Amino acid sequence: MAKYDPLAVESKWRRRWETEQTDRVDLAGAKKPFYNLMMFPYPSAEGLHVGNLFAFVGSDIQGRYHRLLGYDVFEPMGFDAFGMHSENFALKNNRHPAEMVPKNIERFRETQLKKVGLMVDWSHQADTTSPDYYRWTQWMFVTLYKNGLAYRKTGPVNWCPGCKTVLAAEQVIDGECERCSSVVTKKEMAQWFFKTTAFAQELLDELDRLDWSERTKVAQRNWIGRSQGAEVIFEVVGGPEFSIFTTRPDTLFGATYMVFSPEHPLLDKITSPEQAPVLAAYRQSISHLTEVDRQAEDREKTGVFTGAYALNPVNDQKIPVWAADYVLMGYGTGAIMAVPAHDERDHEFALKFNLPILEVVQAPEGLDVRKAAYAGPGVLVNSGPFDGLPAKTTGQERITESLAKEGKAKWAVNYRLRDWCVSRQRYWGPPIPIIYCPKCGPVPVPEEDLPVKLPQMENYQPDGSGLSPLAREESFHKTVCPVCGTHAERETDVSDNFLCSAWYFYRYPSTQFDDRPFDPELTKKWLPVDLYVGGNEHAVLHLLYSRWLCRALHSCGYLDFAEPYKKFVAHGMIVRDGAKMSKSRGNIINPDQYINEFGADAFRMYLMFMGAYLEGGDFRDGGVKAMKAFLDRLYTAVCPPEGGTLDPQPPAEPETLFWLNSTVKAVGQDIARFSYNTAIARMMELVNHITKNKISNKDISETLARLLAPLAPHLAEELWEILGHQESIFKSAWPAFDEAACRRPEVEYVIQVNGKLRGRLNLAQGLAQAEIEPLVLASPAVSKWLEGRTIVKKIYVPDKLVNLVVR
RNA sequence: GCCCAGAUGGCGGAAUUGGUAGACGCACAGGACUUAAAAUCCUGCGAAAUUUAUUUCGUGCCGGUUCGACCCCGGCUCUGGGCACCA
């Protein structure tokens with residue numbers, strides 16, 4: 001039994017690809033550019049995770065497939081090596097990231113990535129920690145600042161006590177730090193922000209037109225969280241005006257009290273002297289609560305009366321003003337009108353504090369708004385001139401517009417999306433390129449002075465003071481103002497690692513340029529990215545940030561497109577034996593072990609065969625071995641038989657032609673829709689057919705080698721060479737097929753009686769109903785079900801089925 | 001609570017548009033080869049009944065539409081994911 005040695009074959013072809021530069025593309029001269037991007041990994045010391053490989057292989061298959069289709073495919077790779085994941089790991093192991101990261105990168109590239117057989121053009125790498133790279137990350141910051149898209153602001157920010165730094169809203173998951181799972185607290189600090197909210201509407205609108213995985217789009221829509229409503233101006237009795245945001249202006253007549261967020265600055269002005277100590281005590285009592293406590297599901301509502309009253313602009317009614325922490329300072333205006341009859345939260349609060357509940361939208365029979373809030377549709381009641389109008393449509397419009405005429409309301413839209421907090425009080429990142437001058441204020445570092453290099457520091461631990469470790473390095477932060485020359489101080493925070501990764505794909509084609517972040521010509525030719533494959537865990541992190549940055553650079557005139565990725569495909573997640581993989585379970589898959597035993601091709605193929613690529617798969621131990629066994633069978637089937645040769649004539653037998661052509665068609669279609677598991681199954685069927693029938697044919701062998709090439713590139717090259725070709729199989733072309741031969745000349749008709757399968761008939765293709773009927777009625781398997789019955793209806797589906805309905 | 005996706009043999013999973021449910025593979029069983037084992041090859045493999053070359057049942061649960069439903073509709077249950085005191 002002929003077998004092949006995968007380790008020998010694979011190292012042979014790795015060397016050949018390297019010396020012949022098979023994987024390189026002529027970026028300037030390419031005629032049919034196809035930018036195939038995969039999410040670059042961060043080089044952890046543990047090595048590549050099987051999840052990384054699953055993602056990369058699925059992407060590489062597209063790259064190789066497109067290459068065979070005649071595209072000039074650019075498939076670059078880089079390392080996302082700045083940030084807390086790298087720094088935390090170095091800290092834990094008592095090492096320095098500057099020493100550790102280059103070693104990890106080397107190991108990733110040389111002993112792992114290259115062994116998997118990715119068609120990566122290694123002449124265009126990006127390493128985010130290299131000064132040649134982060135110089136341009138800093139340039140991004142300066143550019144955003146100069147264009148009014150970056151600003152510094154003091155306010156409550158998310159603070160992770162574990163990582164000792166602030167975090168962006170996107171990096172807080174259920175009140176916990178995305179990296180270390182510490183409970184995040186609020187801290188008042190001056191921080192740098194990017195104006196992500198400036199493009200909230202565009203980011204949302206464009207989603208409808210993007211060719212992206214639907215679940216990724218849904219996650220982004222939820223995160224941006226648009227809600228439409230009105231801003232209404234109320235007036236404190238004997239005090240100032242203030243505005244509230246509501247999505248239900250139709251229920252204004254039902255507002256029986258107002259609620260301010262306890263942090264609302266206006267409270268200090270309006271609270272009555274006798275209630276002031278009560279408010280102070282309340283603020284004290286909630287000050288120690290974290291977001292997790294505050295949002296705990298079963299938590300009872302709390303709040304205090306301020307002693308103040310507000311006037312409802314629709315009817316001048318005097319209603320009490322309360323302060324309660326169920327109203328958040330960060331959303332809308334930090335104050336609400338409470339309509340307990342039609343809002344669940346207000347209802348709960350009103351019951352607890354015995355506040356009035358007034359029905360203004362007619363609830364259906366049997367529902368009592370005193371018992372439970374009714375938020376459904378209905379007509380307005382107790383609403384003066386607006387009674388009888390459908391609340392959510394006309395009612396809403398009329399009430400808002402009548403107030404708008406008096407200047408007391410306007411239509412408004414609110415987004416859940418917050419500006420991106422990019423400051424980090426950590427060491428391992430690109431320093432924020434800003435200088436604070438006592439005379440000139442904040443001044444961006446001039447472009448020619450970039451990069452602001454990260455100094456080498458032996459003790460780089462974050463100290464939790466709210467300042468970055470760089471604040472301890474005087475030689476770093478003491479400087480002079482680039483404008484006036486006065487002694488000045490550098491910003492000592494570094495920027496969020498997600499800024500590094502928000503632009504890396506612009507850099508890849510332009511790595512040779514040290515005078516610009518990306519070359520306009522090459523960028524025009526290669527971007528936006530044609531295909532981006534990655535994990536959906538980045539839906540509202542990297543993918544949102546990079547969409548925003550693209551839009552920002554576009555608005556500043558640096559890019560002539562506003563969306564970075566033409567197509568994004570979210571791959572699934574791998575589990576093992578039905579369970580999530582984790583260190584604590586001890587069920588992590590070690591890819592190297594399988595690759596060293598069965599070869600990268602068998603490992604690649606098994607990863608893709610486990611399940612649907614877009615849904616993920618369940619890794620079973622025996623799978624890689626079984627795949628190697630298939631590749632052995634395929635090898636035997638494709639190679640000339642021992643002591644013989646392959647038939648040089650094209651196959652003529654119809655059944656074989658059917659298998660050959662329909663397999664080529666199906667494999668191409670399946671790869672195009674990321675259905676790798678079924679593509680492999682189709683190849684198995686073809687191999688089974690030729691093995692069973694002892695067919696050795698040159699045409700079939702060459703076709704199989706090329707079908708296999710995207711999935712198992714090393715073996716495909718080996719077979720191609722055995723079949724007599726000098727050049728790489730990737731310089732050949734994807735096999736063509738004959739549409740007519742994809743169907744058998746004879747088709748199997750299914751014969752049903754009353755919808756139940758009663759027989760099958762092999763008949764020539766394309767027969768008419770009238771030609772088939774007599775044959776059906778004559779067949780004994782069918783006629784026995786027709787005895788003594790009347791046929792009332794005949795269903796006929798060409799080349800497929802006949803169904804006789806009898807009584 | 002709202003939104004999205006999903007539930008198919010012992011297992012992983014197939015099934016373009018409503019038209020043969022279970023492709024392909026794993027595991028298992030039997031056989032061949034072998035001193036033996038491994039590897040490889042061949043055969044079988046949803047369940048029940050059976051006169052075994054037959055019938056009935058069967059795609060999470062209940063109901064509906066249809067000649068015909070894994071697929072469409074209505075109502076549930078469970079699993080995974082996103083959002084969530086967001087006004």
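Computed from a prediction, not measured in an experiment: that's the story for all the values here. Labels below follow one simple rule: chain letters A, B, ... track the order of the sequence lines, proteins then strands, and each chain is numbered from 1.
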Sugar-phosphate, base or nothing in reach of Val805(A), heavy atoms under 4.0 Å: sugar-phosphate
Sugar-phosphate only, base, or nothing, as touched by Phe609(A) at under 4.0 Å among non-hydrogen atoms: base
Side-chain donor/acceptor of Asn222(A) to base of C83(B), under 3.5 Å: no
Gap between atoms CD1 and C1', on Ile224(A) and G82(B) respectively (whole Å): 13 Å
Touch class at under 4.0 angstrom, heavy-atom based, for Lys217(A) against every strand present: nothing
Minimum-distance nucleotide to Leu801(A) side chain [options: G19(B), G13(B), C41(B)]: G19(B)
Sugar-phosphate only, base, or nothing, as touched by Arg758(A) at under 4.0 Å among non-hydrogen atoms: sugar-phosphate
side-chain N/O Lys580(A) vs G81(B) OP1/OP2, d < 4.0 Å: yes
Integer-rounded Å distance: U54(B) P and Lys756(A) NZ: 16 Å
Sugar-phosphate only, base, or nothing, as touched by Glu685(A) at under 4.0 Å among non-hydrogen atoms: sugar-phosphate
Sugar-phosphate, base or nothing in reach of Ala539(A), heavy atoms under 4.0 Å: nothing
Nearest-angstrom distance from the residue atom CG of Leu634(A) to P of C41(B): 13 Å
Sugar-phosphate only, base, or nothing, as touched by Lys665(A) at under 4.0 Å among non-hydrogen atoms: nothing
Sugar-phosphate only, base, or nothing, as touched by Lys794(A) at under 4.0 Å among non-hydrogen atoms: nothing
Any Lys793(A) side-chain N or O less than 4.0 Å from OP1/OP2 of C67(B): yes
Touch class at under 4.0 angstrom, heavy-atom based, for Arg418(A) against every strand present: base
Sugar-phosphate only, base, or nothing, as touched by Asn688(A) at under 4.0 Å among non-hydrogen atoms: sugar-phosphate
Rounded interatomic separation in angstrom, taking CG from Leu544(A) and P from C83(B): 12 Å
Separation of G82(B) C1' from Arg416(A) CZ (nearest whole Å): 10 Å
Sugar-phosphate, base or nothing in reach of Asn677(A), heavy atoms under 4.0 Å: sugar-phosphate
Sugar-phosphate, base or nothing in reach of Glu748(A), heavy atoms under 4.0 Å: base
d(CG, Leu757(A); P, U55(B)) in whole Å: 9 Å
Touch class at under 4.0 angstrom, heavy-atom based, for Ala335(A) against every strand present: nothing
Any donor-acceptor N or O pair under 3.5 Å, side chains Tyr4(A), Thr636(A): no
Sugar-phosphate only, base, or nothing, as touched by Val259(A) at under 4.0 Å among non-hydrogen atoms: nothing
Spacing of Leu204(A) atom CG relative to C83(B) atom C1', expressed in whole Å: 14 Å
Check: G1(B) base within 3.5 Å donor-acceptor of Glu344(A) side chain: no
Spacing between Phe245(A) atom CZ and C85(B) atom P, to the nearest angstrom: 16 Å
